[in-house]
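Since the model is a prediction, treat every value here as computed from it, not as a measurement. Within every chain, numbering begins at 1; the chains are lettered A, B, ... in the order of the sequence lines, protein sequences first and strands thereafter.
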2 protein chains.
Amino acid sequence: MQNAKRSFVRQAADKRQQALIKSTLHLIATGGPEAATVRTISEHAGVTQGLIRHYFSSKDELFIAAYECHMTQMTDATSAVATTDHDNAVAHLKAFIISALTPPVVDTEAMAIWAGFIHMVQRDKNMRAIHEKTYYRFRDELQALISAAWAEAGNAKSSADERRAAIACNALLDGLWLEGGALPESFEVNELPNVGLNSIGAILNIDFSNLELSE
Amino acid sequence: MQNAKRSFVRQAADKRQQALIKSTLHLIATGGPEAATVRTISEHAGVTQGLIRHYFSSKDELFIAAYECHMTQMTDATSAVATTDHDNAVAHLKAFIISALTPPVVDTEAMAIWAGFIHMVQRDKNMRAIHEKTYYRFRDELQALISAAWAEAGNAKSSADERRAAIACNALLDGLWLEGGALPESFEVNELPNVGLNSIGAILNIDFSNLELSE
DNA sequence: GACTTTGTTATACGTATGTATAATTATATT
DNA sequence: AATATAATTATACATACGTATAACAAAGTC
């Protein structure tokens with residue numbers, strides 16, 4: 001029987017939306033996109049499935065919101081470190097690199113979530129816009145740090161050079177991020193940030209080794 | 001009515017399996033993994049859906065076969081260039097890099113296929129084995145080329161240095177491959193291989209610029 | 001305390017999916 | 001030409017999915 005309706009507490013729209021988004025990301029991370037159905041999402045969020053359509057006009061819209069949340073979270077996690085005070089521009093850049101190559105940014109589940117959205121990014125206009133926005137924001141920030149580091153060393157270069165350097169360094173970070181997420185057990189502790197610092201140091205002709213850095 | 005059975009021609013097991021695998025990859029590339037159902041796959045391959053279960057014990061097994069096909073194809077496409085004759089080790093390495101950063105290796109659909117399999121790779125043992133095998137094969141080949149190029153320049157280094165260099169160069173190639181696939185229109189013609197050669201040149205302390213290369 | 005609003009649940013609907021199995025037909029063998 | 005083999009089609013089945021809609025209940029307002 002159990003004709004009695006389940007008891008529940010009302011919550012603010014923000015909270016509920018956030019809970020649904022977090023559940024979506026968690027399910028995609030652990031079981032892939034096809035594991036994130038309206039039923040599993042709502043169950044994980046502790047609500048019934050009808051509520052999803054109350055906050056999002058469709059499942060696609062929920063996925064778009066989840067994607068934006070995830071991407072913003074990842075880029076912000078790296079930027080946050082870079083916004084704290086640093087003695088100089090090179091230290092600033094070094095902190096940025098290390099942050100991009102250590103958890104929680106480098107993470108199996110974060111990578112799986114990112115990959116799970118790719119096919120939507122290629123098809124959905126809104127997803128594409130989010131992707132471009134977060135990608136360019138990250139790369140532009142990296143380019144600004146490179147520019148400042150070069151200027152500090154009395155070695156300022158053209159913006160075209162800066163652009164190429166930013167593309168290269170960004171690719172290196174992405175590649176290491178990818179491999180660290182895909183095969184986490186095949187890299188030693190601190191190997192990723194070390195490789196990243198050495199390689200970017202070589203590309204930019206900057207030496208990061210003699211800088212003390214607060215862990 | 002159309003009670004008449006469709007006419008058909010028998011084909012060798014290899015052909016049919018290959019056709020089903022190709023259809024699977026095509027559908028994943030263009031519509032994501034959830035677009036590759038047993039019905040769409042069989043329709044695209046010009047057969048009826050029952051045939052899939054005749055050649056593969058389950059859809060998962062077909063996906064595993066498709067993943068192995070795709071990954072092998074991609075790494076082979078890069079290696080093939082590197083096995084042709086070259087004047088010296090540096091030219092050899094240069095050809096390898098360019099091949100890895102131009103079509104058909106750099107390709108939106110190839111990247112989408114790769115991403116579409118990620119969540120299976122993290123869960124299925126067989127998928128994981130394929131992933132590791134192709135990854136290490138590619139990286140080991142790159143490391144061998146780096147080793148030869150260094151030796152040729154009279155600058156031989158330890159295998160630990162070679163390993164770190166291979167990880168870095170591989171990451172750079174992967175990152176550029178990723179971004180070229182994800183945002184193809186945001187890079188100028190030849191920008192990816194140029195950035196790749198300059199960056200790897202800086203990392204390895206090798207100059208690729210004064211080498212004529214047959215397009 | 002009655003009333004309104006809307007957050008939330010419950011249920012239903014049509015369709016798509018992976019799998020299983022039986023029926024058929026093309027090809028090889030003799 | 002008859003027969004056997006297995007490649008291929010056809011059909012059925014249980015389940016899962018996204019969506020739509022109606023019923024209910026919690027909290028605010030007067």
Q: Hey, could you give me each pair passing side-chain hydrogen bond (donor to acceptor under 3.5 Å, both in side chains) that has a residue in residues 99-113 of chain B? Not counting sequence neighbours.
A: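 Qualifying pairs, neighbours excluded: none.
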Q: Can you list the residues that meet the ring-ring contact (aromatic ring centres under 6.0 Å, His included) rule with Phe138(A), with sequence neighbours excluded?
A: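 Phe96(A).
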Q: Send over the distance from Ile52(B) CD1 to dT21(C) P, rounded to a whole Å.
A: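 After rounding, the gap between these two atoms is 18 Å.
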Q: Going by number, which of residues 26-50 of chain A have a non-hydrogen atom under 4.0 Å from DNA chain D?
A: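 Heavy-atom cutoff 4.0 Å gives Thr37(A), Val38(A), Arg39(A), Gln49(A).
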Q: Please list each protein N or O that sits under 3.5 Å from an N or O in nucleotides 2-5 of chain D, with the distance.
A:
none

Q: Would you check if Glu191(A) and Val195(A) make a side-chain contact, meaning some heavy-atom pair closer than 4.5 Å?
A: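 Of all side-chain heavy-atom pairs linking Val195(A) with Glu191(A), at least one is under 4.5 Å.
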Q: Name all residues meeting the side-chain contact (heavy atoms from CB on, under 4.5 Å) criterion together with Gln73(A); count only those two or more places apart in sequence or in a different chain, and write none if there are none.
A: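 Counting only residues at least two positions away or on another chain, Gln73(A) forms a side-chain contact (heavy atoms from CB on, under 4.5 Å) with Lys22(A), Cys69(A).
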Q: Table please: side-chain donor-acceptor pairs of residues 169-180 of chain A below 3.5 Å, with sequence neighbours left out.
A:
unit_1	atom_1	unit_2	atom_2	d
Asn170(A)	ND2	Glu179(B)	OE2	3.3
Trp177(A)	NE1	Val105(A)	O	2.8
Glu179(A)	OE1	Tyr135(B)	OH	3.3
Glu179(A)	OE2	Asn170(B)	ND2	3.3

Q: So which of residues 54-69 of chain B are in contact with DNA chain D, with a heavy-atom cut-off of under 4.0 Å?
A: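 Contacting residues: His54(B), Tyr55(B).
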Q: With sequence neighbours excluded, what pairs up with Asp161(B) under the salt bridge (charged side-chain N to carboxylate O under 4.0 Å, His left out) test?
A: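 Asp161(B): salt bridge (charged side-chain N to carboxylate O under 4.0 Å, His left out) contacts with Arg164(B).
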Q: Restricting to side-chain contact (heavy atoms from CB on, under 4.5 Å), what partner residues turn up for Val38(A), sequence neighbours left out?
A: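 Partners of Val38(A) under the side-chain contact (heavy atoms from CB on, under 4.5 Å) test: Gln49(A), Ile52(A), Lys59(A).
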Q: Classify the side-chain pair Thr37(B)/Thr40(B) by whether it contains a donor and acceptor separated by less than 3.5 Å.
A: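 Judged by distance alone, the side chains do pair up.
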Q: Measure CD/Gln17(A) against P/dG7(C) and give the value in whole Å, please.
A: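 Taking CD of Gln17(A) and P of dG7(C), I get 10 Å after rounding.
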Q: Rounded to whole angstrom units, what separation is found between the CZ atom of Phe8(A) and the P atom of dA23(D)?
A: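 Taking CZ of Phe8(A) and P of dA23(D), I get 16 Å after rounding.
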Q: Ignoring backbone atoms, test whether Arg53(A) places a side-chain nitrogen or oxygen under 4.0 Å from the OP1 or OP2 oxygen of dT8(C).
A: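 Checking Arg53(A) against dT8(C): no side-chain N or O falls below 4.0 Å of OP1 or OP2.
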Q: Of all residues at least two apart in sequence or in a different chain, which pass the salt bridge (charged side-chain N to carboxylate O under 4.0 Å, His left out) check with Glu188(B)?
A: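 Residues passing salt bridge (charged side-chain N to carboxylate O under 4.0 Å, His left out) with Glu188(B): none at all.
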Q: The criterion is ring-ring contact (aromatic ring centres under 6.0 Å, His included); which residues satisfy it with His26(B), sequence neighbours excluded?
A: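 Only His44(B) meet the ring-ring contact (aromatic ring centres under 6.0 Å, His included) criterion with His26(B).
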Q: Output a table of donor-acceptor pairs, distance under 3.5 Å, between side-chain atoms of residues 116-125 of chain B and any protein atom two or more places apart or on a different chain; print 'none' if there are none.
A:
unit_1	atom_1	unit_2	atom_2	d
His119(B)	NE2	Glu34(A)	OE1	3.2
His119(B)	NE2	Glu34(A)	OE2	3.2
Arg123(B)	NE	His119(B)	O	3.2
Arg123(B)	NH1	Thr30(A)	O	2.4
Arg123(B)	NH2	His119(B)	O	2.8
Asp124(B)	OD1	Asn126(B)	N	2.7
Asp124(B)	OD1	Met127(B)	N	3.1

Q: Starting at atom CG of Leu51(B), determine the distance to atom C1' of dA7(D), rounded to an integer number of angstrom.
A: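 Atom CG in Leu51(B) sits about 7 Å away from atom C1' in dA7(D).
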